[in-house]
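Per chain, numbering begins at 1; letters A, B, ... match sequence-line order.
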Amino acid sequence: MINITFPDGNVRPFEAGVTAIDIAKSLSEGLARNVLSAGIDGEVWDATRPIQKDAKIQLYTWNDPAGKATVWHSSAHLMAEAIEQLYPGVKFGIGPDIENGFYYDIDTGEKTLTEADLTDIEKRMIEIARGKQTFNRIEVSKAEAEKYFTEKGDEYKLELISELTDGQITLYKSGTFTDLCRGPHVPDTSMIKAVKLTSIAGAYWRGDEKRKQLTRVYGITFTKAKELEEYLVLLEEAKKRDHRKLGKELELFTFSQKVGAGLPLWLPKGAQLRERLEQFLKKVQKEAGYLPVITPHIGNVNLYKTSGHFDKYGKDSFRPITTPIEGEAFFLKPMNCPHHCEIFNAKPHSYKDLPIRYAEFGTVYRYEQSGELHGLTRVRGFTQDDAHIFCTPDQIKTEFKGVIKIIMRIFKALDFKEFVTQISLRDPNNKEKYIGSDENWEKAETAIKEVAVEEGLEAILVEGEAAFYGPKMDFMVKDAIGRKWQLGTIQVDYNLPERFDLSYIGADNDRHRPVMIHRAPFGSMERFVAVLVEHCAGNFPLWLSPEQAIILPISEKYQNYAEKVLQFLNNSDIRALIDDRSEKAGKKIRDAELKKIPFMLIVGEREEAEGSISLRRHGQGDVGTFSLQQLADMIHEEESRMQQA
RNA sequence: GCCGAUGUAGCUCAGCUGGCCAGAGCAGCUGAUUUGUAAUCAGCUGGUCGGGGGUUCGAAUCCCUCCAUCGGCUCCA
């Protein structure tokens with residue numbers, strides 16, 4: 001007999017060789033039907049794998065991430081089996097589960113898979129799944145594994161095997177398909193009820209662009225048909241929120257082939273929105289002691305040689321601009337910090353001056369590979385809400401707190417309710433790849449960790465994720481439909497002060513090296529606006545909305561009154577317009593709803609008589625009649641509520 | 001940059017097994033209508049069918065090439 005410990009601490013004896021399914025059955029038949037895999041002493045096992053010794057058990061169902069992963073991993077096998085049956089002779093790379101489903105990298109040889117083939121594969125997968133195939137775990141020696149895949153002629157699997165340790169190799173056989181695999185898998189394929197192959201793409205073998213490109217097929221599966229439907233609804237919702245689509249519909253920005261790929265053109269409404277964001281941050285930064293600076297869009301190549309960026313990125317940048325006579329080379333600036341370092345260097349500094357905070361909405365240009373461009377989130381010219389804080393090592397902590405305060409204020413003003421903080425630290429086993437003294441790193445990392453605790457941030461610590469020049473703190477927001485976006489960042493930099501030989505005179509009358517902190521609460525205006533659009537689905541907070549109110553006269557007869565209302569609103573600093581087309585109210589309302597204008601003010605005979613408006617709020621419908629003053633107060637109250645600290 | 005797909009009016013799309021003058025809806029313009037909480041009616045305007053080259057008597061349609069966009073890969077100071 002062996003002792004099995006349950007998550008609640010209960011211990012019960014079972015026969016040696018018992019499986020997780022057996023154990024689940026002893027609890028309830030229903031549970032047993034839903035068990036997908038099991039955690040055995042912290043390792044994920046097949047629910048059908050015999051347990052030979054005392055162990056802690058955890059049963060995974062669809063509600064556990066590990067359970068889903070088991071289903072998706074099994075689905076990758078299922079898909080491979082289907083593909084192998086349909087297109088014999090294909091070879092397989094790797095086929096893991098991912099955050100939302102799974103993929104398999106396949107060398108399809110002569111055959112080119114296209115989207116049209118996906119339906120056939122899906123059908124075959126469902127057929128196989130219904131066959132209730134089991135996944136049989138086979139422990140093999142390295143030689144046996146090599147023999148199998150040599151005979152099969154799958155060089156990819158052989159390459160994977162060559163890196164494995166003999167004695168730890170397992171194969172899984174399900175139906176006609178045998179795969180090199182660590183497992184675990186679901187008890188049988190009938191648990192996979194719904195299949196959707198989502199896309200097909202090229203992917204380099206082992207992520208190496210010098211190696212062969214395989215065909216990657218992405219898919220997702222579910223244990224209930226209804227879950228697939230829900231998933232498809234979510235995909236639809238994401239499509240509706242796509243900032244590229246909404247950006248066009250709401251006339252925020254556009255691109256022109258003539259201007260160039262990845263170079264966004266901000267349309268009047270988008271520019272207004274962006275300006276409002278900038279003004280908001282400028283105001284907040286002014287209060288926080290930032291000093292605005294302005295630097296040019298190009299810089300001499302020597303600037304980037306000093307900063308080190310030339311060596312690292314020079315080859316992958318836009319080609320330099322040269323002067324006609326002297327032949328001097330200038331680069332479009334890919335970042336603002338080198339310029340800011342030179343501003344710091346423009347005069348000597350005392351420790352009493354620090355911290356110094358230079359802020360600039362600086363437009364930078366980076367050559368992104370053509371396949372990388374994506375709406376406003378990945379562009380070749382963008383504006384960072386950049387600032388560089390020059391301070392002493394002892395001031396890092398306070399400065400971080402100051403920046404966090406700004407970031408929190410922004411999140412609040414834009415209704416980002418959920419976010420996580422990530423602190424990226426250096427790899428403790430590889431300290432030599434980082435610049436800066438051990439003592440300084442220790443100091444900065446400790447300071448950042450303490451700040452997170454003191455500010456009550458839920459921070460994830462990730463070792464080895466720091467840049468070579470310093471540790472950093474990043475903020476990841478969750479948008480309205482649960483997607484994660486990386487936004488604000490705060491980074492400590494020991495490198496640039498060194499390279500630019502920055503210094504200040506300390507109380508001891510000696511020269512000291514300041515620390516530099518890069519920070520951008522929005523990141524870039526382009527990316528931030530994109531995320532904001534997707535988060536609020538184009539329904540911007542009132543204070544940002546390019547058009548806050550639209551006046552809808554019932555007929556031409558009320559045009560004069562509509563203009564009086566407009567004047568009142570303009571005088572009250574409210575952005576409004578009149579829809580004076582000779583359309584029916586229903587049509588005007590429909591169009592205003594589609595344009596996502598927050599307040600619709602309907603004016604007709606009654607309103608004119610009593611000097612009021614009939615208010616309809618976007619997405620809510622009729623909310624009643626208000627006086628003009630009441631309306632203005634309502635709008636102002638809502639605007640300022642979100643922007644407050 | 002790589003793999004695959006796509007590119008027709010301002011927008012969304014049809015036509016694309018080569019052959020009447022390239023179509024529709026919305027938007028725009030003109031006129032009628034004077035309207036009460038998500039689409040009033042009629043008429044009109046608008047397109048080098050992404051650019052270039054080729055095959056053909058004839059190309060939006062077939063081929064080549066370049067560009068852009070989309071889904072991924074690689075990259076991201």
Side-chain angles (χ1 to χ4, degrees), chain A residues 98 103 105 108 112-117 198-218 239 242 244-245 248-249 251 254-262 304 307-314 316-317 331 333-338 364-375 377-380 382 384 386 467-469 486 489 491 493 495-496 518 524 527 552-559 580-595 600-607 614-625:
Chain A
I98 52 176
Y103 67 79
D105 283 346
T108 54
T112 315
L113 274 186
T114 67
E115 309 255 340
D117 299 316
T198 44
S199 72
I200 198 161
Y204 300 107
W205 170 233
R206 315 214 83 180
D208 183 345
E209 61 182 312
K210 288 182 194 69
R211 306 196 65 178
K212 188 164 180 176
Q213 192 153 39
L214 307 179
T215 305
R216 176 171 297 180
V217 183
Y218 284 89
K239 244 189 209 167
D242 192 316
R244 292 165 299 185
K245 178 175 176 289
K248 201 181 269 181
E249 284 172 12
E251 299 178 4
T254 189
F255 289 91
S256 148
Q257 256 192 65
K258 275 207 187 89
V259 173
Y304 305 109
S307 72
H309 294 114
F310 178 79
D311 278 348
K312 205 157 184 225
Y313 299 102
D316 303 313
S317 297
F331 271 94
K333 76 171 165 187
M335 50 189 346
N336 306 298
C337 27
V364 298
Y365 299 89
R366 296 178 184 176
Y367 174 76
E368 302 289 354
Q369 298 186 79
S370 57
E372 284 315 318
L373 303 172
H374 181 95
T377 59
R378 198 75 191 275
V379 287
R380 286 177 171 167
F382 57 97
Q384 296 177 311
D386 214 356
F468 75 92
Y469 51 77
Q486 209 234 289
T489 178
Q491 308 189 1
D493 187 344
N495 180 45
L496 286 181
H518 307 252
S524 86
R527 192 180 146 77
L552 311 177
I554 291 295
S555 86
E556 249 166 50
K557 286 186 240 162
Y558 313 107
Q559 179 68 17
D580 57 6
R581 296 173 302 167
S582 88
E583 295 287 354
K584 299 215 273 194
K587 168 73 166 171
K588 292 184 182 183
I589 286 166
R590 178 182 153 81
D591 289 348
E593 287 281 353
L594 292 175
K595 282 159 89 178
M600 282 157 275
L601 318 177
I602 293 142
V603 296
E605 192 179 350
R606 200 178 68 233
E607 289 78 9
S614 181
L615 177 62
R616 178 188 169 101
R617 287 210 62 166
H618 172 73
Q620 289 177 27
D622 193 357
V623 290
T625 305

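Remark: A/E605 CD is loosely packed, at most 12 non-hydrogen atoms of other residues, nucleotides or ligands lying under 6.0 Å away.
Nucleic acid contact for A/S614: base, since at least one base atom lies under 4.0 Å from a heavy atom of the residue. Using a 4.0 Å heavy-atom distance criterion, A/K248 is classed as a sugar-phosphate-only contact. Residue A/G260 is out of contact with every strand shown, counting any heavy-atom pair closer than 4.0 Å. A/G207 comes within 4.0 angstrom of the backbone, heavy atoms only, and of no base. Nucleic acid contact for A/R616: base, since at least one base atom lies under 4.0 Å from a heavy atom of the residue. At the heavy-atom level, A/L113 lies nowhere under 4.0 Å from the strands shown. Within 4.0 Å of A/E115, counting heavy atoms only, lies no atom of the nucleic acid at all.
No side-chain N or O of A/E607 forms a donor-acceptor pair with one of A/Y558 less than 3.5 Å apart.
With both ends at atom C1', the span from B/A59 to B/C64 equals 15 Å, rounded to whole Å. The separation of B/G51 from B/A38, taken at their C1' atoms, amounts to 42 Å, rounded to a whole angstrom. Nucleotides B/G36 and B/C70 have their C1' atoms positioned 44 Å apart, rounded to a whole Å.
Using a 4.0 Å cut-off between charged nitrogen and carboxylate oxygen, A/R244 and A/D242 count as a salt-bridge pair. With respect to the salt-bridge test (charged N to carboxylate O, under 4.0 angstrom), the residues A/E593 and A/R616 qualify. Comment: A/R216 engages A/D105 in a salt bridge, judged by a side-chain N to carboxylate O separation of less than 4.0 angstrom. Ion pair A/D591/A/R581 flagged as a salt bridge, since at least one NZ, NE, NH1 or NH2 atom sits closer than 4.0 Å to an Asp/Glu carboxylate oxygen.
Here the nucleotide nearest the side chain of A/Q257, chosen from B/U34, B/G36, B/A68, is B/A68. Among the nucleotides B/G36, B/U35, B/C75, the one closest to any side-chain atom of A/K557 is B/U35. Across B/A39, B/A77, B/A68, the shortest atom-to-atom separation from the side chain of A/A261 is found for B/A68.
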query = Where does RNA chain B pair, written as one dot-bracket string 5' to 3', with Watson-Crick or G-U pairs under 3.5 Å, ( ) inside the strand, [ ] for crossing pairs and | for another strand?
reply = (((((((..((((.....[...)))).(((((.......))))).....(((((..]....))))))))))))....

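Donor-acceptor pairing under 3.5 Å, judged by distance alone, is present between the side chain of A/Y204 and the base of B/G1. The base of B/G36 sits with one of its N or O atoms less than 3.5 Å from a complementary donor or acceptor on the side chain of A/E607. The base of B/C2 is paired with the side chain of A/Q213 by a donor and an acceptor separated by under 3.5 Å. Looking at A/R378, its side chain comes within 3.5 Å of the base of B/C76 through a donor and an acceptor atom. Residue side chain A/S582 reaches the base of B/U33 through a donor-acceptor N/O pair under 3.5 Å, judged by distance alone.
Map A/D242 and A/V603 each onto its nearest nucleotide of RNA chain B; the residue landing nearer the 5' end is A/V603. Comparing A/T114 and A/E583, the nucleotide of RNA chain B nearest to each residue sits closer to the 5' end for A/T114.
Between A/Y304 and A/F331, the two ring planes are perpendicular [angle over 60°; tilted spans 30° to 60°].
Stacking is not found between A/Y218 and the pyrimidine-like six-membered ring of the B/G72 base under the 5.5 Å centre-distance and 30° plane-angle cut-offs.
A/I554 places its CD1 atom 6 Å from the P atom of B/G36, with the value rounded to the nearest Å.
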